[in-house]
**Q** 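Got a structure for you, questions after.
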Number of protein chains: 2
Amino acid sequence: MAVTLADVAQAVGMSASTVSRALSGTEKVNEATRQRIHKVAREMGYEPNQVARSLTSGRSDILGLIVPDIANPFFPPIIKAVQSRAASRGKTVLIADVDEHPADEIKRARIMRKRVDGLIVVSPRTPTEQMSQLVDLQPIVFVNREVPGATSVLVDASEGIQEAVEHLASLGHTRIGYLNGPRRSWSNTQRRTAVHAACAQLGIELVELGPFEPQIQAGVRAADLVHSKDLTAVIAYDDLIALGLMARMTERGVKVGPDISVIGIDDSPMSGMAYPTLTSIHVPGARSGMTAVDLVLDLAENQGEPSEPQMVQLETRLIIRGSTAPARVR
Amino acid sequence: MAVTLADVAQAVGMSASTVSRALSGTEKVNEATRQRIHKVAREMGYEPNQVARSLTSGRSDILGLIVPDIANPFFPPIIKAVQSRAASRGKTVLIADVDEHPADEIKRARIMRKRVDGLIVVSPRTPTEQMSQLVDLQPIVFVNREVPGATSVLVDASEGIQEAVEHLASLGHTRIGYLNGPRRSWSNTQRRTAVHAACAQLGIELVELGPFEPQIQAGVRAADLVHSKDLTAVIAYDDLIALGLMARMTERGVKVGPDISVIGIDDSPMSGMAYPTLTSIHVPGARSGMTAVDLVLDLAENQGEPSEPQMVQLETRLIIRGSTAPARVR
DNA sequence: CTATGCAATGCAAGCGCTTGCGGCAACCTT
DNA sequence: AAGGTTGCCGCAAGCGCTTGCATTGCATAG
């Protein structure tokens, strides 16, 4: 059996309460006794039982993080950022991968909520109505989507997309495609709207395709569709779709760059490694993860005072690489 | 406040013990009352407080999973497999990403151990002596590394590597490079040894390079080194290194395939998407994850009876894609 | 009709920790 | 010198749940 608080208390000849206070450090304890307690505790190899601790204190020092798909390279950086930020604030992170399955999301969130001090939900996908069910699971913050009445950290795709369309326009493209992400996805709606706006403003013809799942395979399928539409440039909902598309194009002997320009969104680590390298709209995943941690911990600390929901906006920008080139003259 | 067991008990007019038994289902309760209790509990929206439950029962229904780096595409499939297998057995998974930092691994494991029913450690990297410290954190199972006295699921690289070297030999390569992974990594040692053995057997000259971190950037650095050694074929410690190397080679105008053959290890999802597609040794990540869950749960269930450590071996095989081709005649 | 067994349920003791409240010295006040 | 502070610390009451044991009622056996 592990050594308990009581064991330490007995060894030092003090009450458990004092030992508890000495170790958790919040309350006043004589400096000398504190040191003695710490020493003995260390010698005995005492480690507080977190479960018992959270039962009484109500805190667990765990943060819940819900992501749609760990395998999507866009998420690991977010996860890492959340973990390291959380760690520096003394928290651990419980990750749930909901496998792009919205229904799970709600359920998992409810279950998780009991063991964690706060929830961070990164889910561009689940419909807003369902998300709203989660708002009362305070403290909770949403990343990359807007939920009425909840604090969230948003990524504003419009700037990057504006830049992307301008980039294509300046390369002489006059007719571009947009490969939709999942139909009911909030971020797809956002991105799609931004593409529309930018095209309208620059007088570019827009062809919509999809929806596609944010997976490489979907991009592979998209490729053939794109080819049949005779487009010279496309913007994909995310890098994965773009990457799959590029792979398939290359396989079919279509040269990405010279023959067709493709732009991804997310700027995931892979985009610099593909061939050709993928021009992509950088989404500050790590920053949004860190921000989310800060927000959720703020909420957790001020549980009582009902602060009004904050909304932090982060910006995007275009990273030009090798997958975009002047439109071929026909 | 959430509804507690006592609330439900009061509503049904029974004692908390009965309600507890009715809901957890393990003990005998009259069928009629059980149904009534279930009904009321559902109506009241009762959800057991997991924290309290685990304090008394000692179980948490959480499995701990320690991985070196979520961002390495080799791991997400493992994680997903572990999660889904665990879910089907009624467990949740607590993931810790130790950022390739061995020292953390030990610490994290110890801390985690208190809140989880069992530990799965996937860490090809940490030195064996340190790993051994973890053996007493039963139930624990190690993936992809052998630790004396502990149950583990091993991936036997030798077959796949043998196939790989044979493949290269048959393509006419007579001098190949091996790009070492991290120096003290168990799996690197294993792979390296296998490469040596295969080369010796087939009379192929072997040049070792590295060590390199299992990251794309390291592969990029490796590329220039490889180039200067005038090799016609290399086997990399993992896909990431291989991918980085290919990207850099391509950038320098060296044609991967015709000019230099490269083989990765892991067969991560990216390998089919690179250009050219990467010939790689398939490592059954998902299977090993599932197996690990089964093993650790078995251990957990038979905590008392000291069963002797099992060792499950999984096999690897070569997946030939576009990055390998006949040696250029010079 | 009383003894016995069994199924169904209640009692109560924790699990290991936190925390409000109060005790009690030792120290200040005026 | 008596009342008031202050700083440390102990008491004890839980947190919500599980579980060994006792209790009850009733059917069955003797």
Side-chain angles (χ1 to χ4, degrees), chain A residues 1-38 40-41 44-62 90 110-111 113-117 300 303-304, chain B residues 1-38 40-41 44-62 90 110-111 113-117 300 303-304:
Chain A
M1 215 52 225
V3 308
T4 77
L5 197 59
D7 297 337
V8 178
Q10 193 180 9
V12 202
M14 312 215 94
S15 79
S17 359
T18 307
V19 177
S20 167
R21 285 190 262 255
L23 293 176
S24 48
T26 73
E27 302 217 19
K28 49 194 67 173
V29 173
N30 183 295
E31 188 52 31
T33 44
R34 150 164 319 183
Q35 298 201 356
R36 193 153 51 93
I37 290 175
H38 267 99
V40 174
M44 298 180 67
Y46 169 74
E47 297 210 21
N49 180 324
Q50 296 297 341
V51 175
R53 171 176 293 194
S54 46
L55 182 57
T56 42
S57 67
R59 284 173 284 105
S60 63
D61 290 333
I62 301 186
R110 303 208 94 89
I111 296 175
R113 184 60 194 83
K114 321 221 103 175
R115 345 176 82 118
V116 302
D117 292 350
Q303 268 291 44
Chain B
M1 215 51 224
V3 308
T4 77
L5 197 59
D7 297 336
V8 178
Q10 193 180 7
V12 203
M14 313 214 95
S15 78
S17 1
T18 307
V19 177
S20 168
R21 285 191 262 257
L23 293 176
S24 48
T26 75
E27 301 217 22
K28 49 195 68 171
V29 173
N30 183 295
E31 187 51 32
T33 45
R34 152 165 314 183
Q35 298 203 354
R36 194 153 51 93
I37 289 175
H38 268 99
V40 175
M44 298 180 67
Y46 169 75
E47 297 210 19
N49 180 323
Q50 297 296 343
V51 175
R53 171 177 296 199
S54 48
L55 180 57
T56 42
S57 67
R59 284 173 284 108
S60 64
D61 290 334
I62 300 186
R110 303 208 95 87
I111 295 176
R113 184 60 194 84
K114 323 222 102 177
R115 346 176 79 119
V116 302
D117 292 350
Q303 268 290 47

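The sequence lines fix the lettering, A, B, ..., with proteins before strands; numbering per chain opens at 1. From a predicted model like this one, the values you see are computed outputs, not experimental measurements.
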**Q** Rounded to whole angstrom units, what separation is found between the CZ atom of B:R21 and the C1' atom of D:dT19?
**A**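 Roughly 7 Å, once rounded to whole Å.
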**Q** Quick one: is B:S15 getting a side-chain N or O under 4.0 Å of the C:dG10 phosphate, OP1 or OP2?
**A**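 Yes.
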**Q** Under 4.5 Å between any side-chain heavy atoms of A:R21 and A:R34, yes or no?
**A**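 When only atoms from C-beta onward are counted, A:R34 and A:R21 do not touch, as no gap falls below 4.5 Å.
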**Q** A:T33 near the nucleic acid: base, sugar-phosphate alone, or nothing, with a heavy-atom cut-off under 4.0 Å?
**A**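 Sugar-phosphate, backbone atoms only, no base.
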**Q** Please give, in whole Å, the distance from D:dT19 P to B:L23 CG?
**A**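 Rounded to the whole Å, the gap is 14 Å.
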**Q** Is a side-chain donor-acceptor pair under 3.5 Å present for B:T18 with B:S15?
**A**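 Yes, because at least one side-chain N or O of B:S15 sits under 3.5 Å from a partner of the opposite role on B:T18.
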**Q** Please give me the minimum heavy-atom distance between B:V3 and B:Y46, naming the atom from each residue.
**A**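 Minimum heavy-atom contact is CG2-CA, 3.1 Å.
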**Q** State whether B:S17 places a side-chain N or O below 4.0 Å from either non-bridging phosphate oxygen (OP1 or OP2) of C:dA12.
**A**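 No.
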**Q** Without decimals, in angstroms, what is the distance between A:M14 CE and D:dC9 P?
**A**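 Going from A:M14 (CE) to D:dC9 (P), I get 5 Å.
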**Q** Separation of B:Q10 atom CD from D:dG16 atom C1', in whole Å?
**A**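 My rounded result for the distance is 15 Å.
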**Q** Would you say B:T18 reaches C:dT9's phosphate, i.e. side-chain N/O to OP1/OP2 under 4.0 Å?
**A**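 No, outside the criterion.
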**Q** If you only use heavy atoms from C-beta on, which nucleotide in C:dG16, C:dT9, D:dG16 is closest to the side chain of B:N49?
**A**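 Closest nucleotide to the B:N49 side chain: D:dG16.
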**Q** Check the distance between C:dG10's C1' and B:L5's CG and give it to me in whole angstrom.
**A**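 My rounded result for the distance is 13 Å.
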**Q** What is the distance, rounded to the nearest whole Å, between atom CD of B:E47 and atom C1' of D:dG16?
**A**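 Whole-Å distance recorded here is 14 Å.
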**Q** At under 4.0 Å, does any side-chain N or O of B:S20 touch on OP1 or OP2 of D:dC17?
**A**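 Negative; the distance criterion is not met.
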**Q** Got A:D117 and A:I62 here, is their nearest side-chain heavy-atom distance under 4.5 Å?
**A**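 Not in contact.
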**Q** For the residue pair A:V19 and A:L23, establish whether any side-chain heavy-atom pair is separated by less than 4.5 Å.
**A**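 They are in contact (side-chain heavy atoms under 4.5 Å apart), so the answer is yes.
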**Q** For the side chain of A:L55, starting at C-beta, report the closest nucleotide among D:dC15, C:dT18, D:dT18.
**A**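 The listed nucleotide nearest to A:L55's side chain is D:dC15.
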**Q** Looking at five pairs on each end of the helix from C:dC1-D:dG30 to C:dT30-D:dA1, what is the angle between the two axes, given to 10 degrees?
**A**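 That helix gives 50° between its end axes.
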**Q** Which heavy atom of B:H38 sits nearest a heavy atom of B:A22, and at what distance?
**A**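 Scanning both residues completely, I find the closest heavy atoms to be CE1-O, 3.3 Å.
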**Q** Using side-chain heavy atoms (C-beta onward) and a distance below 4.5 Å, is A:V40 in contact with A:I37?
**A**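 Not touching, per the 4.5 Å side-chain cut-off.
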**Q** Expressed in angstrom and rounded to an integer, what is the separation of B:Q50 atom CD from D:dG16 atom C1'?
**A**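 Answer to the nearest Å: 11 Å.
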**Q** A:R36 CZ to D:dC8 P: how many Å, rounded?
**A**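 Atom CZ in A:R36 sits about 14 Å away from atom P in D:dC8.
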